[in-house]
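Notes follow once the structure below has been shown.
Hydrogens, waters and symmetry mates play no part in the numbers below; they use all other heavy atoms, side chains included. Quick note on labels: first sequence line is chain A, next is B, and so on, each numbered from 1.
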There are 2 protein chains.
Amino acid sequence: MRREELKGHLDLILLAALEGEPAHGYGIIRAIDELTGGTFDLAEGTIYPALQRLEVAGHLASAWETVGGRRRRVYRLTTPGQRELARRRQQWGQFALAMTRLVETP
Amino acid sequence: MRREELKGHLDLILLAALEGEPAHGYGIIRAIDELTGGTFDLAEGTIYPALQRLEVAGHLASAWETVGGRRRRVYRLTTPGQRELARRRQQWGQFALAMTRLVETP
DNA sequence: GGTGTATACATAGTATAACGAGGTATGAGG
DNA sequence: CCTCATACCTCGTTATACTATGTATACACC
């Protein structure tokens, strides 16, 4: 899938991915790939900078973990991040509704 | 609405706007604004270059018209443009479905 | 012990496209 | 005349997803 479409929606995806429980970048990539049946096969160069942006913005917080001898940076949703997630969810709903109105075959 | 979200979706919007009958840029802007209840209030600097891109790509064709003493550049959907519209509609469906799966509150 | 694969992180540079700001011109209404 | 709506255009900015590349560990296989 052409990735230009993702612009402006990636943050919502990542915040939503971390809603339930903390996770690390590589794991998020695979989870998204699996959940969407391969529709979103995100590059590492897409995810890692995006997670960093969200942490700088205060929406995520990270901590190092070691599992099976490998280091992971595990991200969790902060309280401001939860608010941001709600805000973006609503925004997505509005966007999708508008798109549907414009694009639906009458 | 933040416009970053539009990236990659504007072409679909414009092709769909021209599906029924030809229209001109300024009119398309107002039609989209009205249909979406103000959610998409697109700037002229967004629309005009986009229409030109689509014409260069062969998906639209344009002709000058004069209505009430004012010149309009009227765009119509070409046959390749209709195929492109169908393709992008399907793509949007896939995108929206994937987003819904990732973002829906469980 | 070497090779390949999956896991896991990171960054530097590029490309693209929507947008902001500015410019031009006509017609109608007061 | 002045303002407003109509109608077009273009240049420069900016945000951000992506490509390419590099690093390192664990594990299986021969």
(request) May I ask you to evaluate whether A:Arg72 reaches the phosphate of C:dA8, defined as a side-chain N or O under 4.0 Å from OP1 or OP2? (result) yes

(request) Could you check how far CD1 of A:Ile29 sits from C1' of C:dA6, rounded to whole Å? (result) 13 Å

(message) Using the side-chain heavy atoms of A:Arg70, tell me which of these nucleotides is nearest: C:dT16, C:dA6, C:dA18.
(response) C:dA6

(request) Look at the side-chain N and O atoms of B:Arg30 and state whether any lies under 4.0 Å from the OP1 or OP2 oxygen of D:dT6. (result) yes

(message) What contact category does A:Gly27 fall into here, base, sugar-phosphate, or nothing, at under 4.0 angstrom with non-hydrogen atoms?
(response) nothing

(message) Quick check: any donor-acceptor pair below 3.5 Å linking the side-chain of B:Lys7 to the base of C:dA18?
(response) no

(request) Measure from CH2 on A:Trp64 to P on D:dT25 and round the result to the nearest Å. (result) 13 Å

(message) Distance check needed: D:dA15 P versus A:Leu54 CG, whole Å only.
(response) 15 Å

(request) Name the closest nucleotide to the A:Thr46 side chain, picking from D:dA15, D:dA17, D:dC9. (result) D:dA17

(request) Can you tell me the distance, in whole Å, between the CZ atom of B:Phe95 and the P atom of D:dA17? (result) 11 Å

(request) Please determine if a side-chain N or O atom of B:Arg53 lies less than 4.0 Å away from the OP1 or OP2 oxygen of C:dT16. (result) no

(message) Does D:dT6 have OP1 or OP2 under 4.0 Å away from a side-chain N or O of B:Arg71?
(response) no

(message) Categorize A:Gly45 for me: base, sugar-phosphate, or nothing, with a 4.0 angstrom heavy-atom threshold over every strand shown.
(response) base

(request) Can you label the angle between the A:Phe95 ring and the B:His9 ring as parallel, tilted or perpendicular, going by 30° and 60°? (result) perpendicular

(request) Among the candidates D:dA7, D:dT10, C:dA10, find the nucleotide nearest to the side-chain atoms of A:Gln52. (result) C:dA10

(message) I need the CD-C1' distance between B:Glu65 and D:dA7, as an integer number of Å.
(response) 13 Å

(request) Report yes if a side-chain nitrogen or oxygen of B:Tyr48 is closer than 4.0 Å to either non-bridging phosphate oxygen (OP1 or OP2) of D:dC9; otherwise report no. (result) no

(message) Check the phosphate of D:dT6 against B:Tyr26, side-chain N and O only, distance under 4.0 Å to OP1 or OP2. Yes or no?
(response) yes

(request) Hey, which sits more toward the 5' end of DNA chain D by its nearest nucleotide, B:Val67 or A:Asp11? (result) B:Val67

(request) To the nearest 0.5 Å, tell me how far B:Ile13 CD1 sits from B:Leu42 CG. (result) 6.5 Å

(message) Among D:dA26, D:dT10, C:dT16, which nucleotide has an atom closest to any side-chain atom of B:Pro49?
(response) D:dT10

(request) Decide whether A:Ser62 and A:Arg73 meet the rule of one side-chain donor and one side-chain acceptor closer than 3.5 Å. (result) yes

(request) Would you kindly give the CG-to-P distance between A:Leu51 and C:dA10, to the nearest whole Å? (result) 9 Å

(request) Please state how far atom CD in A:Glu55 lies from atom P in C:dC9, giving the value in whole angstrom units. (result) 13 Å

(request) Whole angstrom is fine here: how far is it from CD1 in B:Ile47 over to P in C:dG20? (result) 13 Å

(message) Does this structure show an ion pair linking B:Glu19 with B:Arg89, if we count only N-O contacts that are shorter than 4.0 Å?
(response) yes

(request) Establish, from distance only, whether the side-chain atoms of B:Glu5 and A:Gln91 form a donor-acceptor pair under 3.5 Å. (result) yes

(message) Grouping I, L, V, M, F, W and Y whenever their side-chain heavy atoms are under 4.5 Å apart, do B:Ile28 and B:Leu35 come out in a common cluster?
(response) yes

